[in-house]
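Below: one structure, written as structure tokens.
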Amino acid sequence: MALTDDNRERHPRVPLPQWLKTTLLTLGSISVTLLGLLFITFIIGRVMPIDPVLAIVGERASQETYDAVFLQLGLDKPLLVQFLYYLWDVLHLDFGTSLLNARPVSEDIARVFPATMELATLGILIGVVLGVPLGVLAAVRKGSWIDQIARVLALVGYSMPIFWLGLMGLLVFYGILGWVGGPGRVGIFYVDVVPSVTGMILIDAALDGNWDVFKDAFSHIILPASLLGYYSLAYISRMTRSFMLEQLSAEYITTARVKGMSEWNVVWKHAFKNIRVQLITVIALSYAGLLEGSVLTEIIFSWPGIGSYITTALLSADMNAVLGGTVVVGLIFILLNIFSDLLYKVFDPRAK
């Protein structure tokens, strides 16, 4: 029965708090994005010209064995039902079993992902610590030799293939100069010396107090991390320069200088303060790119991360591992975008 005007006056609608609306919208956006990601990976697994049953039983298996595995995988059911089963398994962190080693894919990802995270984190730290000041300095000294060097570094970082830089880095710094360790995370004498707590060898070695392993691991990670750091530095410094040039040409900066404010305060307390929100997005996307885009670097340096794991699985037609790694990478992008939105509210008062 419809409410009368009197009933509406007696029972007025209570508006939802703004924070609740924001939370519900965020959760809805995350759910739709994640559902779309899972749907895409599911379709990819079905359209790939690879028979999952043959990948399990082999080409010499009997027809009875083939049919039994076919039914066990649920491939006889409609696609919608298969997708619901797939969705249920993923929500329970069940990506199936790897065809290469017969281990659960979730266990493999938990083992290899910390290596990629350690490498990408050190790389983004290098990119941010060097790229942001370089971009600010290039904007402040526009047209100077510093600006020209920054632009050349960014151009080279964008155009130079990272696999070529990796090979040249190994040849020069490892093969000729001997300044860094070779491929792998640690030398052969330090494998499995420290207990794995976080999966990140530098942190685990520090927690164990084994500084010999720490030094050896650092000598192995510094070159690939520096290459990834340079790749992110090129992007971060270029975007920082662009953001700063826009702010430095604004009227409030001219007013601050006319009032006699020091150049340091003008640049860092006014102009740079207003680009922090934009930089958050740039850094977050760059970090996500390093987490999922370090495939060539991991292959060149024999780094046992998720990039090399997905590549090996793809070359071996291990679709469970490929799809599981793809879902994890997509989830990383989603989580980093959420983290960026949270930081917006910290650095931008207008978002509060």
Side-chain angles (χ1 to χ4, degrees), residues 107-134 153 156-157 160-237 283 286-312 325 328 332:
E107 293 183 5
D108 284 342
I109 293 176
R111 174 176 51 84
V112 301
F113 181 71
T116 297
M117 188 173 182
E118 183 178 35
L119 181 62
T121 301
L122 187 57
I124 197 65
L125 287 176
I126 295 173
V128 172
V129 171
L130 298 179
V132 172
L134 182 62
L153 287 175
V156 172
M160 194 71 67
I162 195 168
F163 68 88
W164 185 85
L165 287 177
L167 293 174
M168 292 300 101
L170 280 175
L171 174 64
V172 175
F173 297 105
Y174 170 64
I176 298 177
L177 299 177
W179 289 357
V180 299
R185 300 183 74 184
V186 290
I188 189 172
F189 297 107
Y190 294 109
V191 175
D192 296 330
V193 171
V194 297
S196 180
V197 179
T198 64
M200 303 180 189
I201 189 67
L202 292 178
I203 297 178
D204 290 342
L207 292 175
D208 192 58
N210 196 326
W211 300 110
D212 290 334
V213 175
F214 183 90
K215 292 178 182 177
D216 185 77
F218 185 79
S219 70
H220 282 76
I221 197 176
I222 187 61
L223 182 57
S226 298
L227 291 177
L228 292 180
Y230 176 53
Y231 182 76
S232 61
L233 178 150
Y235 177 59
I236 292 173
S237 64
I283 295 172
S286 181
Y287 185 45
L290 294 186
L291 284 172
E292 62 87 19
S294 57
V295 176
L296 293 176
T297 303
E298 291 183 359
I299 293 175
I300 292 171
F301 289 91
S302 299
W303 197 263
I306 193 170
S308 60
Y309 175 74
I310 294 176
T311 302
T312 303
V328 170
I332 290 170

- Message: Could you walk me through whether Val213 and Ile201 satisfy the side-chain contact (heavy atoms from CB on, under 4.5 Å) test, starting with their C-alpha distance in whole Å, then the side-chain angles of each, then the deciding distance to 0.1 Å, before giving a yes or no?
- Response: CA-CA 8 Å; Val213 175; Ile201 189 67; 4.3 Å; yes
- Can you run down the side chain to side chain donor-acceptor pair (under 3.5 Å) pairs that involve residues 189-207, sequence neighbours left out, and say none if there aren't any? Thr198-Asp204
- Message: Suppose the criterion is salt bridge (Lys or Arg N to Asp or Glu O under 4.0 Å): which pairs have a residue in residues 163-187, not counting sequence neighbours?
- Response: Glu118-Arg185
- Task: Sequence neighbours left out, what passes side chain to side chain contact (heavy atoms under 4.5 Å, CB included) with Phe173? Give chain and number order.
- Result: Leu177, Trp179, Val180, Leu223
- Message: Considering only residues two or more places apart or on different chains, which pairs with a residue in residues 222-233 satisfy salt bridge (Lys or Arg N to Asp or Glu O under 4.0 Å)?
- Response: none
- Item | Separation between CE of Met117 and CD1 of Ile306, rounded to the nearest 0.5 Å | 12.0 Å
- Query: To the nearest 0.5 Å, how far apart are CG in Leu228 and CG in Leu296?
  - Reply: 10.5 Å
- What pair of heavy atoms forms the shortest contact from Trp303 to His220, and how long is it? CZ3-O, 4.2 Å
- Say you draw a straight line from CE of Met168 to CD1 of Ile300; how long is it, rounded to the nearest 0.5 Å? 9.5 Å
- Task: Please name all residues satisfying side chain to side chain contact (heavy atoms under 4.5 Å, CB included) with Ser302, sequence neighbours left out, ordered by chain then number.
- Result: Pro183
- Candidate pair Phe301 and Leu119, rule side-chain contact (heavy atoms from CB on, under 4.5 Å), full reasoning: CA-CA 11 Å; Phe301 289 91; Leu119 181 62; over 6 Å; no
- Query: What's the spacing between Phe218 CZ and Leu202 CG if we round to 0.5 Å?
  - Reply: 7.5 Å
- Test side-chain contact (heavy atoms from CB on, under 4.5 Å) on Ile236 and Ser286 and set out the steps. CA-CA 8 Å; Ile236 292 173; Ser286 181; 4.2 Å; yes
- Note on the structure: Contacts of Pro195 meeting side chain to side chain contact (heavy atoms under 4.5 Å, CB included) (sequence neighbours excluded), chain-then-number -> Asp208
- Message: If I take atom CG from residue Asp216 and atom CG from residue Asn210, how far apart are they, to the nearest 0.5 angstrom?
- Response: 10.0 Å
